[in-house]
Amino acid sequence: MALASKVINFRAPADKQALIDRAVEVAGVSRTEFILGAACEKAREVLADQTQFSLSPQELRRFNALLDAPLENNAAIRKLLSTPAPWER
């Protein structure tokens, strides 16, 4: 089942359009594909950096229960917790 497409229109200064068009040529994709891909990549980055989010009372109870639950005792978790963070190395 195909998702409906919507039109997104915006203006860009000529120098920025030229920059995008050079990258489009190198990437071998359409301008639409390039801009949409870049915008989605940035959107995922912004959303991943989100530090505040809203939960319903029920979702908050479930979230807190998961945080309070003991960790499973497995090798991957032991390795993760014993490895210094990159900025600590």
Heavy-atom distance under 4.5 Å between the side chains of Gln50 and Leu47, does that happen here?
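In contact.
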
Non-neighbouring partners of [X] that pass side-chain contact (heavy atoms from CB on, under 4.5 Å), sequence neighbours left out:
X	result
Pro84	Glu88, Arg89
Leu81	Leu71, Ile77
Lys79	Thr83
Arg62	Leu66

Hydrophobic cluster mates of [X], side-chain heavy atoms under 4.5 angstrom, ILVMFWY only, any path?
X	value
Val46	none
Trp87	none
Phe63	Phe53, Leu55, Leu60, Leu67

Which pairs, with at least one residue in residues 35-50 and sequence neighbours excluded, count as a salt bridge (charged side-chain N to carboxylate O under 4.0 Å, His left out)?
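Qualifying pairs, neighbours excluded: Lys42-Glu45.
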
Checking Ser82 now: which residues fulfil side chain to side chain donor-acceptor pair (under 3.5 Å) with it, not counting sequence neighbours?
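Partners of Ser82 under the side chain to side chain donor-acceptor pair (under 3.5 Å) test: none.
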
Keeping to residues at least two apart or across chains, list the side-chain hydrogen bond (donor to acceptor under 3.5 Å, both in side chains) pairs with something in residues 6-16.
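Passing the test, one end in residues 6-16: no pairs.
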
How would you list all residue pairs meeting side-chain hydrogen bond (donor to acceptor under 3.5 Å, both in side chains) that involve residues 51-60, not counting sequence neighbours?
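Qualifying pairs, neighbours excluded: Ser56-Glu59.
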
Roughly how far, to the nearest 0.5 Å, is CG of Leu36 from CD1 of Ile8?
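Answer rounded to 0.5 Å: 6.5 Å.
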
May I have the list of side-chain donor-acceptor pairs in residues 21-34 shorter than 3.5 Å, sequence neighbours left out?
unit_1	atom_1	unit_2	atom_2	d
Asp21	OD1	Arg31	NE	2.8
Asp21	OD1	Arg31	NH2	3.2
Asp21	OD2	Arg31	NH2	3.1
Ser30	OG	Glu33	N	3.0
Ser30	OG	Glu33	OE1	3.2
Glu33	OE1	Ser30	N	2.9

